[in-house]
Every structure is written in C-alpha cells, then in structure tokens.
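Worksheet for the structure shown next.
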Protein chains: 2
Amino acid sequence: MRGNLFAVAVDLVVLTVRHDQLNVLLVRRAERPYESHWALPGGFVRPDEDLGDTAARELVEQTGAATQGAVQGHLEQLGGYAAPGRDPRGRVLSMGYLALLPDVPDPEPTGATAAFLPVEDVYGLAFDHDTILANGVERARAKLEYTTLAATFCPPEFTVTDLRRVYEAVWRTEIDPRNFQRKVTSTPGFLIPTATRVTGGRGRPPQLFRRGPATALHPPMLREPVAVAHA
Amino acid sequence: MRGNLFAVAVDLVVLTVRHDQLNVLLVRRAERPYESHWALPGGFVRPDEDLGDTAARELVEQTGAATQGAVQGHLEQLGGYAAPGRDPRGRVLSMGYLALLPDVPDPEPTGATAAFLPVEDVYGLAFDHDTILANGVERARAKLEYTTLAATFCPPEFTVTDLRRVYEAVWRTEIDPRNFQRKVTSTPGFLIPTATRVTGGRGRPPQLFRRGPATALHPPMLREPVAVAHA
DNA sequence: CCGCCTTCTCGTCGGCGTGAGGCTATCGGG
DNA sequence: CCCGATAGCCTCACGCCGACGAGAAGGCGG
C-alpha cells in the first residue's frame with residue numbers, strides 16, 4: 001500500500017427532457033472552492049458503500065421527491081476523473097455517473113440551490129464538471145442509438161410523438177414522424193400499446209404506449225440527419 | 001473533505017490476438033494477498049499522475065519491449081471498481097483500463113511471472129479481476145463493431161485475412177471471407193493498400209494493407225452470426 | 001353543420017447494405 | 001500437369017431505411 005491516498009467522490013450527470021430540451025440537474029455551491037458556482041450534484045463515498053450505492057443515494061437525496069423517478073430511471077457509471085489539481089483541496093478522484101429520469105412535473109427540486117438547466121446553456125461549472133457533463137451527454141446520445149433508454153425520459157405512458165421528441169431533443173435533430181413510428185412500433189418489445197388514447201389535443205388522438213421488455217435496438221436507430229440550428 | 005480515504009490503483013486488461021485466440025496479459029502475484037494467483041497487471045497512481053498516465057506507464061513497464069506496441073496500440077478507461085472488501089488490505093479503488101496491442105512476436109514478456117493466456121482459459125483471478133477482465137473483453141468485442149480498432153491487433157502491414165481472423169478470434173464467430181473483404185475494402189479510410197504482396201503462402205498472394213485514418217465504422221460491422229463452439 | 005387544419009397512422013417506392021453464392025486469378029504441391 | 005487452397009471480383013435477393021403520398025380521426029372557426 002502507498003501513502004498517497006485519495007478522497008473519492010461521486011458526481012451525477014442527471015439528465016431529463018423538459019420542454020423539448022435536454023436538461024441537466026445542477027446545484028449551486030455554498031462552500032469554497034467554487035463558491036456560488038454551478039456544479040454537478042455529488043458527494044463522497046461512505047465507508048460501507050460501493051460506488052453505485054453512493055450514486056443511488058445521492059440521486060435520491062438531490063432529486064428529492066423524484067424517488068419514483070429513480071425507480072424507473074437509469075443509472076450507469078461514466079468514468080473516473082483524477083487529474084492532479086482538479087480539486088484545490090487535495091487529491092480527489094471523482095466517479096462520474098449518468099442518470100436518466102422522466103421529467104418531474106413542474107416544481108423545481110429545492111428552490112434556488114438546485115435546478116434543471118438546458119445543457120446548451122451550461123458552461124463554466126465548478127472543477128472539471130464541464131468535462132464530466134460533456135461526457136455524460138455524449139454517452140446519453142450514443143445510448144439512444146442502440147438501446148431503448150429514450151423511454152426512460154418519458155412518463156409511464158406516452159405516445160410515439162413523446163418518444164420522438166425525446167430523440168429530437170437529445171440529438172438536436174428532426175426526425176420524420178412516419179418513419180420513426182414505423183421503426184419503433186416494428187421493434188419487438190420496445191413499445192406495448194395500451195387500451196387508452198389521448199383526448200383533448202389537436203389532431204387525431206394518438207395511441208398510448210408503455211415501455212416493453214426490450215433493452216437493445218437491433219438494428220440501431222441511426223442519427224446522421226443534419227443537426228438543426230435549434231436556437 | 002472526509003476522513004475515509006482510498007488507495008487508487010490502475011489495473012490493465014491488455015488484450016492481443018495470437019494463434020487466432022484472444023489473449024490477456026496476466027502476472028503471477030509474488031506477495032499476499034492472493035500470493036501466486038494470476039492477476040491483471042497494475043499499480044498505484046503516483047502523486048503527480050493522472051489515471052491515464054499511470055495506465056500508460058504500467059503498460060510500458062509490464063509489456064517491456066512492447067513499447068512500440070503502446071505507440072500503435074490503444075488505451076482507454078474501462079471503469080472504476082471500489083466495492084468494500086474487494087481488497088483485504090483496506091479500501092482500494094481500482095480503475096480498469098483496456099489496452100489493445102498487436103501480437104508481440106513470440107517471446108513471453110518476462111518469463112514465468114507474466115504471460116499472455118487465452119481469455120477462455122482464465123478464471124479465478126485475484127481480487128475482482130475476473131469481473132474487470134470480463135468487462136474489458138466485452139468492451140473490446142463491442143468496439144470492433146463500430147470502430148476500426150481491430151487493426152490495432154494487427155502488425156503495421158497486414159492482409160484482409162489477418163484482419164478477419166482478428167474479428168473471428170475476438171467474437172468467436174466465422175465470417176464469410178468474401179463479404180468481409182467487400183465490407184472492409186469499401187469503407188473509406190479503413191485500409192490503405194500497399195504496393196507489396198505476400199509471397200510464399202498457399203494460394204493467390206494477398207494484398208498488404210496499412211491502417212487508414214478512419215476510426216469509426218458507418219455502418220457498423222454486425223455480429224449476429226452464430227457463435228461457433230470454438231473448443 | 002361544414003370545411004379546414006392538425007396530428008396520427010398506414011402504404012409505396014427506390015436506394016443501399018448485407019448474406020449467399022458463383023466465378024476467376026494465382027500460388028504450392030503431389 | 002492437374003488439383004486444392006486462398007484471394008479477389010461479381011451477381012442476385014432480401015430487408016431496412018429515407019422520402020413522400022394519402023387516409024383516419026379528432027378540434028375549431030365560420
């Protein structure tokens with residue numbers, strides 16, 4: 001064993017889609033360093049915890065009532081960040097974790113100290129959190145291609161259009177609704193139709209679906225379409 | 001900052017293909033715990049090092065003369081492992097790294113303390129290295145699908161058949177040589193033909209290629225073919 | 001009540017990549 | 001000298017995908 005020891009933290013990239021935009025959960029730091037800067041939510045690993053335990057605990061703590069979301073959400077490890085000097089307090093290794101949640105109805109988690117912000121507007125985070133966030137977003141974008149994780153951004157019951165808007169928000173592209181419908185409805189185990197339909201909106205009432213048991217997408221959903229200037 | 005500190009190590013999953021089999025570099029432990037057990041090569045992160053620095057340094061140290069391989073090889077982070085109790089000496093977080101190298105000509109790196117062994121025959125490694133190895137192998141298999149990394153297993157100049165045998169060894173499948181040839185030669189930037197051909201073998205002398213600048217494979221190479229009982 | 005608009009859903013067509021397989025080129029060896 | 005083996009090219013059929021047309025089914029304003 002060696003004498004050079006690390007403090008080990010877990011930092012969360014909590015993503016959700018609200019108002020057709022990919023948002024990330026940030027907290028405003030109350031202490032130094034980086035006081036009053038935005039940062040990814042996170043905390044230190046406790047003696048009896050594995051890394052995933054810490055991530056799950058932090059997710060529940062930081063998203064508060066969104067515990068339900070944690071149940072139907074997704075949590076995976078991103079990677080380790082341990083550059084010397086990344087934390088002025090000393091040697092800190094941070095494990096990035098990626099969490100995908102359905103949009104919480106409307107109220108901000110806990111007022112001004114935490115908020116979901118559009119990832120497009122986010123920069124200048126504390127520590128190396130810009131890098132961790134970028135890696136998390138890229139991971140999420142890649143995973144939508146070959147998994148059914150897009151549905152984790154949706155409420156328990158959703159329409160094909162809801163799902164398409166998730167892809168469009170995360171990838172910042174436009175997808176043909178007709179081809180998208182054919183793709184997702186023809187993939188076995190992706191979407192399970194429910195008996196109900198949506199009423200009250202404009203146009204023909206859409207079918208409601210639930211998540212199916214499928215997790216992989218063969219063949220994958222391709223995203224070469226031109227990135228549209230979403231501004 | 002907290003009082004519960006971790007020792008941080010980097011463990012390497014060094015893969016190569018020799019004799020049409022996927023092999024992994026292992027070292028025999030000389031100290032307790034797990035004395036005389038096989039383990040992944042690795043070491044602790046030094047005060048001035050980032051994780052990738054440690055991985056690169058260990059790779060050069062452990063593969064010895066294969067420094068050349070490190071240049072043309074591939075090194076990427078796999079993930080962090082920090083379950084309580086994974087190391088009886090105390091709290092140790094290990095970052096797994098995946099390295100892909102061309103086959104070193106023939107001599108074993110350093111005699112009996114280190115050796116390349118077929119991954120199929122490997123189990124019962126020290127610590128949780130079985131898990132890290134499994135994750136590394138799965139990552140390598142997945143990456144061959146949508147990147148040109150298979151060529152990192154090959155010497156600087158190689159034939160299409162050499163490349164195909166890499167895929168077959170890593171995936172443990174059989175691939176149609178003609179369709180494979182069409183696929184890899186029609187992907188822009190994957191293979192660059194050289195002026196020379198191979199002589200002395202049986203059959204028509206094959207064309208020699210070098211790696212091209214392409215890193216991604218669009219569309220990806222699919223591996224649904226039946227896994228063949230390679231035993 | 002009747003168009004008209006919006007959105008959902010299904011169909012059609014052509015292009016492309018892939019699996020399957022035929023055929024030729026070019027070597028070593030019996 | 002023929003034969004087997006390997007390399008490399010070509011063709012064909014099928015399925016998936018992008019582009020697009022058209023019908024289905026609701027709301028809304030005149």
Side-chain angles (χ1 to χ4, degrees), chain A residues 20 144-146 148 154 157-168 171 173-209 214 216-228, chain B residues 20 144-146 148 154 157-168 171 173-209 214 216-228:
Chain A
D20 294 341
L144 290 208
E145 288 189 82
Y146 58 95
T148 62
C154 295
E157 299 201 336
F158 53 92
T159 68
V160 171
T161 298
D162 293 334
L163 190 64
R164 179 169 51 84
R165 292 202 200 285
V166 167
Y167 276 95
E168 292 178 336
W171 286 349
T173 58
E174 288 180 1
I175 302 176
D176 184 283
R178 299 160 289 188
N179 293 332
F180 181 82
Q181 176 129 352
R182 177 182 57 189
K183 172 75 175 175
V184 295
T185 57
S186 69
T187 299
F190 192 177
L191 300 182
I192 297 177
T194 68
T196 53
R197 288 176 165 271
V198 174
T199 61
R202 285 180 304 187
R204 175 174 172 175
Q207 175 72 258
L208 273 181
F209 293 89
L217 233 47
H218 287 304
M221 186 100 57
L222 299 181
R223 53 150 171 161
E224 329 230 16
V226 211
V228 68
Chain B
D20 294 339
L144 291 208
E145 287 190 83
Y146 57 95
T148 62
C154 296
E157 299 202 336
F158 53 93
T159 67
V160 172
T161 297
D162 293 335
L163 190 64
R164 179 169 50 84
R165 291 202 200 284
V166 167
Y167 276 94
E168 293 178 336
W171 285 350
T173 57
E174 288 180 2
I175 303 176
D176 184 284
R178 298 158 296 187
N179 292 332
F180 182 83
Q181 175 129 354
R182 177 183 58 191
K183 172 73 175 177
V184 296
T185 56
S186 69
T187 299
F190 192 0
L191 299 182
I192 297 178
T194 68
T196 52
R197 288 174 165 272
V198 173
T199 61
R202 283 178 305 188
R204 176 174 170 175
Q207 175 71 257
L208 273 181
F209 293 89
L217 232 48
H218 287 304
M221 186 99 59
L222 298 182
R223 55 151 169 159
E224 330 230 16
V226 212
V228 67

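Nothing here was measured: the structure is a model prediction, and the numbers come from that model. Naming: A, B, ... by sequence-line order, numbering from 1 per chain.
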Taking all heavy atoms of B:Val166 and all of B:Cys154, pick out the closest pair and write down the distance. CG2-SG, 3.7 Å
Any chance the rings of A:Phe158 and A:Phe209 have centres within less than 6.0 Å? no
Within residues 180-190 of chain A, find the residues that approach DNA chain D with a heavy atom at under 4.0 Å, and present them sorted by residue number. A:Arg182, A:Lys183
Side-chain contact check for A:Leu222: nearest option of D:dG26, D:dG18, C:dT26 is D:dG18
Work out which heavy atom in B:Pro205 is nearest to a heavy atom in B:Val198; give both atom names and the distance. CB-O, 3.0 Å
For B:Arg223 and C:dG19, give me the distance from atom CZ to atom P, rounded to whole Å. 14 Å
For the student: nearest non-hydrogen atoms of A:Leu222 and A:Trp171, plus distance: O-CZ3, 4.0 Å
Once you round it to whole Å, what is the distance between P of D:dG15 and NE2 of A:His218? 19 Å
Restricting to non-hydrogen atoms, name the atom on A:Ile175 and the atom on A:Arg164 that form the minimum distance, rounded to 0.1 Å. O-CD, 3.7 Å
Using heavy atoms to find the nearest nucleotide of DNA chain C for B:Asp176 and B:Met221 separately, return the residue whose nucleotide is more 5′. B:Met221
Between B:Arg165 and B:Asp20, which heavy-atom pair has the shortest distance, and what is it? CD-OD1, 3.3 Å
Check nucleotides 21-23 of chain D for protein N or O atoms closer than 3.5 Å to its own N or O atoms and list the pairs.
residue : atom : partner  : partner atom : Å
D:dG21  : N7   : A:Arg178 : NH1          : 2.8
D:dG21  : O6   : A:Arg178 : NH1          : 3.4
D:dG23  : N2   : A:Arg204 : NH1          : 3.2

Taken to the nearest whole Å, CZ/B:Arg197 to C1'/D:dA7 is 8 Å
From CZ of A:Phe209 across to C1' of C:dC8 the rounded distance in Å is 10 Å
Name all residues meeting the side-chain contact (heavy atoms from CB on, under 4.5 Å) criterion together with B:Thr194; count only those two or more places apart in sequence or in a different chain, and write none if there are none. B:Glu157, B:Thr196, B:Gln207, B:Leu208, B:Arg210
Extract from the structure each pairing of a protein N or O with an N or O of nucleotides 27-30 of chain D at less than 3.5 Å, listing the distance.
none

What is the distance, rounded to the nearest whole Å, between atom CG of B:Leu217 and atom P of C:dG17? 12 Å
Could you pull out the closest heavy-atom pair between A:Phe180 and A:Val160, with the gap in Å? CE2-O, 3.6 Å
What distance separates B:Met221 CE from B:Tyr167 OH, expressed to the nearest 0.5 Å? 3.5 Å
Name all pairs fulfilling the salt bridge (Lys or Arg N to Asp or Glu O under 4.0 Å) condition that reach into residues 192-209 of chain B, sequence neighbours left out, sorted by first residue then second. none
Whole-Å distance, B:Leu163 CG to D:dA7 C1', equals 15 Å
Which salt bridge (Lys or Arg N to Asp or Glu O under 4.0 Å) pairs, counting each pair once, include a residue from residues 177-188 of chain B, with sequence neighbours left out? B:Asp176-B:Arg178
Could you tell me the separation between the CD1 atom of B:Ile175 and the P atom of C:dG21, rounded to a whole number of Å? 17 Å
Starting from the 5' end of DNA chain D, give me the residue, A:Asn179 or B:Pro206, whose nearest nucleotide shows up first. B:Pro206
